Amino acid sequence: MGLNPSLQSSVNILLVDDRPDGLLALEAVLTSPRYRLFTASSGQEALGYVFDREFAVIILDVQMPGMDGFETAQVIRQREKTRSTPILFVTAINKDIDHVRRGYSLGAVDYIFKPFDPIVLQSKVSVFTDLFEKNLELQKQTERTRKSEDRKRLILEAANDIIATCDTTGAITSLNPAFERVIRAPRSDWLGRPLINLVA
């Protein structure tokens, strides 16, 4: 089917249903500046999107010709990159417990029966997108911290003066390379020793 673009969107959501009216119903409920909705009318088309993009949640119809929702979910779960992507199964036909159990065994985080309650669906999707955004921000913070630590390390290694760090007891925890050039002793010999001994 394609993409419903939104300039303000930041979170990708994949909607998969072989019935156009099913996709329209999902789009009508979930259209929001917060989401960027991708739609697929088959399992194969859905996998094309999944292998190319990162999604906060996938809403997957169970009953589809060719590759059904269960088979599609199985392929998604086999890939390391998409193994933890939340999948919400949607069905109007198979509501028996064995069918539902199969869905959960394939990695579904929830099972929604048609006709679905729009508010319930919106709430479920909102929970997973919140988690996705928080995880994304955590990854960004981790990357910023790593880059900051790399910059500090480069500065310390390039400095001509001795730079030492110590713990709360005053014991040396690190020394930059300048220490060995100036003191002419291995840094390892001084780690753990009182900083006062170095400056005395």
Side-chain angles (χ1 to χ4, degrees), residues 1-97 99-141:
M1 282 291 211
L3 165 67
N4 177 18
S6 172
L7 294 176
Q8 300 176 353
S9 61
S10 60
V11 178
N12 294 337
I13 297 176
L14 179 60
L15 313 175
V16 189
D17 197 321
D18 64 302
R19 295 175 57 90
D21 58 332
L23 287 175
L24 285 173
L26 291 170
E27 285 185 286
V29 170
L30 296 173
T31 294
S32 163
R34 182 183 178 193
Y35 306 140
R36 190 176 189 190
L37 303 179
F38 292 79
T39 59
S41 57
S42 69
Q44 291 89 341
E45 186 180 2
L47 292 177
Y49 283 126
V50 170
F51 294 164
D52 191 47
R53 295 173 177 83
E54 188 174 16
F55 290 95
V57 62
I58 298 170
I59 301 175
L60 184 58
D61 187 38
V62 174
Q63 298 294 324
M64 295 187 294
M67 178 181 281
D68 66 19
F70 288 154
E71 293 170 319
T72 305
Q74 195 166 19
V75 175
I76 292 170
R77 287 289 176 258
Q78 288 172 350
R79 298 182 73 246
E80 180 67 29
K81 186 178 178 181
T82 56
R83 189 165 293 159
S84 60
T85 302
I87 296 175
L88 300 178
F89 278 125
V90 180
T91 186
I93 302 174
N94 291 302
K95 300 183 180 181
D96 65 275
I97 190 64
H99 202 76
V100 172
R101 282 177 180 157
R102 185 182 175 200
Y104 283 119
S105 73
L106 291 171
V109 294
D110 211 340
Y111 222 104
I112 300 172
F113 298 107
K114 299 176 183 178
F116 53 80
D117 184 321
I119 294 176
V120 170
L121 179 59
Q122 289 169 348
S123 297
K124 290 179 184 293
V125 169
S126 180
V127 167
F128 291 113
T129 52
D130 284 346
L131 288 172
F132 178 84
E133 288 175 327
K134 287 175 182 176
N135 185 54
L136 198 61
E137 181 56 33
L138 181 61
Q139 290 175 8
K140 290 178 180 178
Q141 288 178 355

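We number each residue from 1, following the sequence as shown. These numbers come from the heavy atoms of this one structure, side chains and all, not from hydrogens, waters or symmetry mates. Predicted model only: the values in this text are computed from it and were never measured.
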Quick check against the 3.5 Å criterion: does [X] have a side-chain atom that pairs as donor or acceptor with the backbone of [Y]?
| X | Y | result |
| --- | --- | --- |
| Thr82 | Thr85 | no |
| Thr91 | Phe113 | no |
| Thr129 | Val125 | yes |
| Gln122 | Val29 | yes |

### Query
Counting only heavy atoms not in Ile119, do more than 12 fall under 6.0 Å of its CD1?
no
Any [X] side-chain heavy atom under 4.5 Å of [Y] side chain:
| X | Y | value |
| --- | --- | --- |
| Leu88 | Val57 | yes |
| Leu121 | Ile59 | yes |
| Gln74 | Phe70 | no |
| Met64 | Thr72 | yes |
| Asp18 | Ser42 | no |
| Asp21 | Leu23 | no |
| Asp68 | Gln63 | no |

Ion pair Asp17/Arg19, N-O distance below 4.0 Å: no
Specify the closest pair of heavy atoms between [X] and [Y], including all atoms of both residues, with the distance to one decimal.
| X | Y | answer |
| --- | --- | --- |
| Leu15 | Glu27 | CD1-CG, 3.8 Å |
| Ser126 | Tyr35 | CA-OH, 3.7 Å |
| Gly69 | Phe89 | O-CE2, 3.5 Å |
| Ala56 | Val11 | CB-CG1, 3.1 Å |
| Val16 | Ala46 | CG2-CB, 3.6 Å |
| Val50 | Ile58 | CG2-CD1, 3.8 Å |

According to salt bridge (charged side-chain N to carboxylate O under 4.0 Å, His left out), does anything in [range] pair up with another residue at least two apart or in another chain? List the pairs.
| range | value |
| --- | --- |
| residues 51-65 | Asp61-Lys114 |
| residues 78-92 | Glu80-Arg83 |
| residues 130-139 | Arg34-Asp130, Arg34-Glu133, Glu137-Arg144 |

message: I want to know whether Phe38 and Phe55 have ring centres closer than 6.0 Å.
response: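 That pair passes the under 6.0 Å test.
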Let me confirm one number: the [atom1]-[atom2] distance from [X] to [Y], rounded to the nearest 0.5 Å.
| X | Y | atom1 | atom2 | result |
| --- | --- | --- | --- | --- |
| Ile13 | Leu26 | CD1 | CG | 10.5 Å |
| Leu30 | Lys124 | CG | NZ | 13.0 Å |
| Phe132 | Ser84 | CZ | OG | 10.0 Å |

